[in-house]
Amino acid sequence: MVTLSRKFSTATSDSLTYISHKQFSQNPQKSTPFYQIQQQQLEHLKSRIVTTLDGCKNLTQIKQVHARILLSDLEQSCYVLAKLIRTLIKLNFPVDPYPRSIFNRVKYPNPFLYNALIRGYLIEERLNESIELYSLMRKGGAGPLSFTFTALFKACGAKMNMSLGRQIHGQTILVGGFDEDLHVVNSMIDMYIKCGFLEFGRKVFDEMPKRDVISWTELISAYAKTGNMESAGELFDGLPVKDMVAWTVMVSGFAQNAKPREAIMVFEKMQESGVETDEITLLGVISACAQLGAAKYADWIREVAEKSEFGGKHSVVVGSALIDMYSKCGSVGDAYRVFQGMKERNVYSYSSMILGFAMHGRAHDAMKLFDEMVTTEIKPNRVTFIGVLTACSHAGMVEQGWQIFELMEKCYGIKPSADHYTCMVDLLGRAGRLQEAHELVKTMPIEPHGGVWGALLGACRIHKSPDIAAIAANHLFELEPYCIGNYVLLANVYASCGRWSDVSTVRKLMRARGLRKNPAFSWIESEKGMVHEFFSGDMTHPRSGEIKQALEDLLERLEAKGYQPHLSSVPYDVNDEDKRRILMIHSEKLALAFGLISTLPGSEIRIVKNVRICEDCHSVICGASQIMGREIVVRDIMRFHHFHDGICSCGNFW
DNA sequence: CTAGGGTTAG
């Protein structure tokens, strides 16, 4: 054995130490200088080992490779050993003891080796060990690499460990150079954002000598997530080169902040600018279309999705989003067709479909799909159960609901959340079992949130139960004092019982808190895809005269068949004639009348409403579907109503 | 060998 090569004292290069004479003599390339041959041979061996490691699937295989390394001249090679450690960690082996022991035997570990181990500890969320190793690396004279910092920042962000993050920030300056490394600084910004200190991230951003599209996008995304679309938009406008991710952040930002029209507008601009689109961009647009609930947009975005390069058939994510969208646009049939056409399905696909059926009152289909789901590999999650419970609730299936509710924890290990209790309260409340519902709220093991009391209050509205309504409302007035809907609901309950002095007390409370009622409105798509909006009593539509006439004709025909206006739906202390007039001009009735005169006889009418449908409108639309022979679909704030031949899919139960 | 975007419920 001849010692040929230098001992690598600088820890940044690979610590190769020896090469055997035997290996050398087998190589007859006499004209090549000595060290070049050994380099070549070792490089060859290294790359063979790395390839083998990439193919390793289990511990036995890795140990074989390790044995080969130990017998070769690569026994101290940081490059190969780092790869070995990374492979182990990729296969989910804990850092201790095996990968750590490999590291411990290396005399001069280089930063790559340190980094492999640090990353391992980070994955195990052992932040302290990572930091210890980092200090050891510094003490040993090895310089850190930028990805050591990025990994550390990432871990601090995930653990929301701001103080440690700031220390590491200090290190980047101390070590020198890294505070100008884009990878490092960008992950630092991300760390501050994840720790909830957006302004710190912004400060770093403002002081950066050079920034790239990633720095910008991080901040735009952070503003969008806090709902500050103005700041997001300002930054975005100033971004010199907008790439796909930056555009996508704006699209999904608007979608997540309930600004679907803006989301679609940004998407259209994105397409004009010629930037590529991928499925994540589409998710934002699809979600926006779902919020709009307009069939025109639904078909448009499905076409865009199908034309895009990720396959004519939908991917799991896009497919699942489309299912949700079609359900919310009133087309459960289309939603189910997408569901059936998907090659692969996940928990989103099933949950969205179950929720879709539930929203449309197709409880039986929802349950059937749930039964099918549990035979697959896909595990139901908390959202799935919200779908199943909603289905029970909308169909008045109290007993099945209780069964599912118990099954959830027993068989699937999902602890009922406040949202699940909301479903149960809704289920009992709708079925008229208000006392039981109230009892459940009082005895639930977790703190009831606004949703739970809101469900109880909503049930009191249907069953005209002012006493429990007052209890629920008082909780709500504390939990969410500025939520206008609760005051309106309580006032409506009092009004329906004729307790007018209580109604005016609630109205006074509203005024005292500076709250004003949101105007109710409905909208409908005409045949040409135009959207027509109607407010209550709205006579601004160009065809108002015809609309009024059509409505009067309709009501006349209904009265001839025994229809009586539900005067108790009017929350004002006025005479019956005025109540009749108020009911007559409800926005959904105007939209319905416009639908009747503006669409072809026999075609479907779709109406969307921003609040719950009232009882009187519900019965009028039921009658209209029969007399006029029309399918009518109404989406209110809670669910869908499919009216067909005088019957609604909700079974008069909403 | 590292930095940015995502779907269901509420």
Side-chain angles (χ1 to χ4, degrees), chain A residues 79 82-83 86 111-112 115-116 118-119 122 144-154 157 178 181-191 193-194 201 205 211-222 224-225 232 239 242-253 255-256 270 277-290 305 314-325 327-328 335 345-356 358-359 380-390 417-423 426 449-452 454-455 480:
Chain A
Y79 175 79
K83 177 74 190 179
R86 278 202 299 273
F112 289 89
N115 201 66
I118 290 175
R119 284 179 58 84
L122 291 175
L145 295 164
S146 49
F147 53 81
T148 312
F149 284 121
T150 56
L152 287 170
F153 281 132
K154 198 172 187 175
F178 287 104
D181 181 308
L182 275 177
H183 285 235
V184 173
V185 182
N186 284 339
S187 30
M188 187 194 301
I189 295 176
D190 190 52
M191 181 275 296
I193 290 169
K194 293 234 165 75
F205 174 85
R211 14 181 120 87
D212 62 4
V213 64
I214 292 173
S215 335
W216 292 84
T217 313
E218 280 176 335
L219 275 171
I220 295 171
S221 163
K225 286 211 176 81
L239 174 56
K242 302 169 171 67
D243 69 0
M244 178 168 76
V245 178
W247 281 102
T248 304
V249 168
M250 288 303 289
V251 173
S252 47
Q256 284 160 3
M270 175 181 182
T277 300
D278 71 0
E279 46 176 10
I280 299 177
T281 322
L282 286 183
L283 289 181
V285 196
I286 294 172
S287 161
C289 294
H314 314 297
S315 72
V316 209
V317 266
V318 172
S320 306
L322 287 174
I323 291 170
D324 172 61
M325 178 191 71
S327 306
K328 286 184 180 154
R345 293 166 193 154
N346 64 13
V347 63
Y348 284 88
S349 333
Y350 273 98
S351 304
S352 300
M353 198 61 243
I354 289 172
L355 275 159
M359 270 190 287
N381 65 14
R382 40 200 301 270
V383 183
T384 319
F385 281 104
I386 290 189
V388 182
L389 292 175
T390 306
S417 68
D419 294 336
H420 295 107
Y421 277 96
T422 304
C423 293
D426 195 65
H449 60 12
V452 177
E480 36 196 48

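Reminder, nothing fancy here: chain letters follow the sequence lines and each chain counts from 1.
One interatomic measurement links the two molecules: CG of A:L355 to C1' of B:dT8, which rounds to 6 Å at whole-angstrom precision. Following rounding to the nearest Å, A:L282 (CG) and B:dT8 (C1') show an atom-to-atom distance of 17 Å. For the pair A:N115 CG and B:dT2 C1', the interatomic distance rounds to 8 Å; values are reported in whole Å. Taking atom CZ on A:R119 and atom C1' on B:dT2, their separation rounds to 7 Å, with Å as the unit. Nucleotide B:dA3 holds its C1' atom 13 Å from the CE atom of A:M191, rounded to whole Å. In this entry the distance linking CG of A:L239 with C1' of B:dG5 reads 13 Å, nearest Å. Between A:E218 atom CD and B:dT2 atom P the separation is 16 Å, expressed in whole Å. As rounded to whole Å, 15 Å separates atom C1' of B:dA3 from atom CZ of A:F178.
You'll find that the side chain of A:S320 is closest to B:dT7, out of B:dT2, B:dT8, B:dT7. In the set B:dG4, B:dG5, B:dG10, B:dG5 carries the atom at the smallest distance from any side-chain atom of A:K225. Residue A:L283 places its side chain closer to B:dT7 than to any other of B:dG4, B:dA9, B:dT7. Nearest to the side-chain atoms of A:D190 among the listed nucleotides B:dG6, B:dG4, B:dG5 stands B:dG4.
Remark: A:F147 engages A:F112 in a ring-ring contact (aromatic ring centres under 6.0 Å, His included) (not counting sequence neighbours). Applying the ring-ring contact (aromatic ring centres under 6.0 Å, His included) rule to A:F149 yields the partners A:Y134, A:F178; only residues at least two apart in sequence or on another chain are considered.
Base engagement by A:V383 is indicated by at least one non-hydrogen atom pair under 4.0 Å involving a base atom. Residue contacts for A:K328: at a heavy-atom cut-off of 4.0 Å it reaches the sugar-phosphate backbone alone, with no base atom in range. Contact annotation for A:V213: base contact, defined as any heavy-atom pair under 4.0 Å involving a base atom. The residue A:N346 sits apart from the nucleic acid: no heavy atom pair falls under 4.0 Å. Nucleic acid contact for A:S187: none, since no nucleic acid atom lies under 4.0 Å from a heavy atom of the residue. Base contact: A:T281 has a heavy atom under 4.0 Å from a base atom.
Taking side-chain N and O atoms only, A:K242 has no distance below 4.0 Å to OP1 or OP2 of B:dG5. The phosphate of B:dG5 (OP1 or OP2) has no side-chain N or O of A:Q256 nearer than 4.0 angstrom. Remark: A:K154 is in phosphate contact with B:dA3, judged by side-chain N or O atoms under 4.0 Å from OP1 or OP2. Considering only side-chain N and O atoms, A:T150 lies under 4.0 angstrom from the phosphate OP1 or OP2 of B:dA3.
The closest donor-acceptor contact from the side chain of A:N186 to the backbone of A:L182 lies under 3.5 Å. In this structure, A:D278 contributes its side chain and A:T281 its backbone to a donor-acceptor pair below 3.5 Å.
Remark: the A:S215 side chain and the A:D212 side chain contain an N/O donor-acceptor pair separated by less than 3.5 Å.
Here A:Y348 counts as stacked on B:dT7: its ring centre is under 5.5 angstrom from the base ring centre and the planes meet at under 30°.
Of all the heavy atoms in A:R382 and A:D419, the pair that sits closest is NH2-OD2, 4.0 Å.
A:D212 contributes no side-chain N or O that forms a donor-acceptor pair with the base of B:dG4 under 3.5 Å.
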